[in-house]
Structure formats: C-alpha cells, structure tokens
2 protein chains.
Amino acid sequence: MEAARKVFTHKGYAATRTRDIAEEAGINLALLNYYFRSKKKLFDLVMEEKIHTFFGGIFPILDNPNTSVEEKIETLTAFYIDMISQNTDLPIFVLNEIRSRPAEFGNIGKVRELIFKTHFMQQLKEKRPDVEPIQFLLSILGMIIFPFIALPVIENSGVLDKEKYREALMKRKELVPQWASAMLNET
Amino acid sequence: MEAARKVFTHKGYAATRTRDIAEEAGINLALLNYYFRSKKKLFDLVMEEKIHTFFGGIFPILDNPNTSVEEKIETLTAFYIDMISQNTDLPIFVLNEIRSRPAEFGNIGKVRELIFKTHFMQQLKEKRPDVEPIQFLLSILGMIIFPFIALPVIENSGVLDKEKYREALMKRKELVPQWASAMLNET
DNA sequence: GTCTATAGAGGGATAGAC
DNA sequence: GTCTATCCCTCTATAGAC
C-alpha cells in the first residue's frame, strides 16, 4: 500500500505501471495482483484515502460553532499547509484524477454541505452580505493550495531552492489569515 | 492539431491514445503518424503551445513600466480569467504535465525574470518592504487560477451549475483586484 | 504466500497498396 | 497523401510450480 500511495500520487493513474509499484514495494508483480486483484482496485483504495485526507479536514474546522471567522481561517490555513507539506503532490494528484473521472470520484460527500450549511459560510454571509460566501472560500483555498500546485514550476525555474520555498510556505500560515481579514474588512 | 489539443489537454499525455486523436480529427491512425511521426512529437508541439499560452501573457502585463500596481493586478486578473474560461482544462493540464516531466517542461524561460526583475515585483517591494513580493504574487495567482482547478469538484458536487459558476468567475474580475488592494494596504 | 513463466489485450508505429 | 492490414512491444493479469 505504501508503495502504491507513493507511485500513484506521484505519477498519476495512467502513467503508473503496476511493475513500478511492485518494485517499489520490493515484491513480485504476481504477488501484488494476488493481494489487490487489479491495478484499478488498488488505485481505488489509494484514491479513497487521498480524497479523505484532502477534503476530510475542512468540514470540522469550518463547521465549528465555537470559533470566529478569523479563528477558523487561521486553523484551516495552518492545518492545510502542514498537511500538504507532508506530501506536496497531494492537491494536484487529487484534483487531476477527479477531473479525469469526475463520475467516479467527483462525488465528494461533504462538499455540498461544506458550501451550503457550514457555520463558516453563515458567518461570512452575516459579515459580508454583499459578497457570495463561496467567493471568499475559493480565494482562501486558492491562497493556501495554489503555491503547492505551482511548486514544480518554481523549483525548476531555479528561483528558490526547496528549503527557501518551504520557509516561504510556512510564513504563509501567518500571512494568509492576515490577508483574509483585510479582505473581509475591505470596503 | 486541433484534435490533439483537445484530447491531450483533456486527458493528459499518458491517458491519451493516438487512436482517439485520429478519430477526433476524422482521419486515420496511419495518417496521424505520417504527419507527426510519433505521439511524443505531437504532444511536444501541443505542450509548447499551451505553456506559451499559459505563461506568456503574464510577463508583458507585470513588466509594463507605465501602470500602477493596482492597474497591473486588474489587467492580469481580467486577462487570465478570460483566457482560462476559453479552456478550463488549461491550468491543471499544464501544471500537471510539468510536474510529470519537470526536466523536460519545467524550464519556463521567463519565470525567473518574472519573479526577480519585473516592474511589478519592484513596485511591491517598495510598497510593502515587510513582505516578500513572491508571497503577493502567489496569492493573487492562486485567487485567479485555483477556482478553475477546483471546477470539476464544484461542478460534480451539484452546488452550482456551469452557468452559475461561470458568472461567479466573471464576478471575480472585480473582486480579486479589490481584495488584492486590501491586502496591500493591510497593516 | 511467493515465485517464474506466459497468456492476452492494448496501443504505437510501419509496410505497402492505391 | 490516404488508406488497410499488421507488426511488435509493453503492460496487466493469471497459471501453475514450490
């Protein structure tokens, strides 16, 4: 499983060969099929896990009735940046595979509730009735997630080395909430 | 070529079969190879084009010495949202393929200059010497581009239909520059 | 459970007729 | 230039020995 996670998330479903996974795991190709029956079945296991990891954390943070908007944003930002730092391929992998087979993976249970029913979205609506809450959500998530999606470009351009970029990303745990506040209070 | 653009950008290199392209083009598989020699060569042509489209527009806008920071952001936002609306697969396609073969495609000529030498980055540094300019750039690009990357998830969750989401994206041509100003003036 | 060997399908590429 | 037919390699999956 660990080998499958690594290879699938890095190369994507179509470009992954089961041989690569077997090799990475230090076992035989036949054995891999003995355990998981097929490439597709193994992938589905990985994908389910990754979707859960990627989307699962948002809901409880944004639906906490005991925190302010600002606290929610701060918690969300720190949580996401820490999580994705563990595996920088996660966002682009998940979002790209969903795009490839939306009918199969696009049905993320909680997204609907996230956007319609969350305490956070209610708070946004009260604070800024003039702007659709989803516009704020998209911007905040964009500020958090996009830098990881752009990471291959930045790294390869030689602008910042991996360590410098890592520092910059950590710094964003402060910056994004500050900016989000400025956006919310903007007139 | 038009068929190749369509199929490659939608399915990605690995998942694309040359047969699909031939069919989409209404021609024979043999003929496709006659024209382009190989799948890889054809893909390289498409990829070069798409990288140019995706990155090519930024530099002139951000390096214009005659516009203010705010004007640059406004122009950039409108330009990008209009461009990507033409082909919503563009960002995730380009960024994912670069991730797949960074050695081959990751060397985007102007990214380095974009980040170090642009007039825009100078202006940011003067206006906000306390924050690294790249942090602003990443946030602005994230606010512009991320909604398109998340589009398959939104669409499939049934939250907004395609038309509603399109409206929301257009509305962002005003919102993003407003928010960016708020971020720049935040204390 | 774990291996070697191989079946079987899919897909990129070419031969060769027209 | 354009087609049909086909080659041949790669990759998934399984048979079968141990």
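Computed from a prediction, not measured in an experiment: that's the story for all the values here. Lettering of chains follows the sequences in order, A, B, ..., and the numbering in each one begins at 1.
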B:Lys41 NZ - C:dT14 P separation (whole Å): 10 Å
B:Phe146: ring-ring contact (aromatic ring centres under 6.0 Å, His included) partners, not counting sequence neighbours: none
Ring-face cation contact, B:Phe59 with B:Lys110, 6.0 Å cut, 45° max: yes
Separation of atom CG in B:Leu42 from atom P in C:dG12, rounded to whole Å: 11 Å
Partner set under ring-ring contact (aromatic ring centres under 6.0 Å, His included) for B:Phe93, not counting sequence neighbours: none
Between D:dC11 (C1') and A:Ile21 (CD1): distance, integer Å: 12 Å
Interatomic distance where CG belongs to A:Asp20 and P belongs to D:dT10 [whole Å]: 14 Å
Nearest-angstrom distance from the residue atom CG of A:Asn33 to P of D:dA15: 11 Å
N-O pairing of B:Glu23 and B:Arg19 below 4.0 Å: no
Any B:Ser38 side-chain N or O less than 4.0 Å from OP1/OP2 of C:dG12: no
B:Tyr35 six-ring centre to B:Lys41 NZ/CZ under 6.0 Å and within 45° of normal: no
Per-nucleotide protein contact string for nucleotides 2-7 of chain D, where B marks a base within reach and S marks sugar-phosphate only (heavy atoms under 4.0 Å, - for neither): BBB---
Spacing of B:Leu32 atom CG relative to D:dG1 atom C1', expressed in whole Å: 14 Å
Sub-6.0 Å ring centroid separation between B:Phe148 and B:Tyr165: no
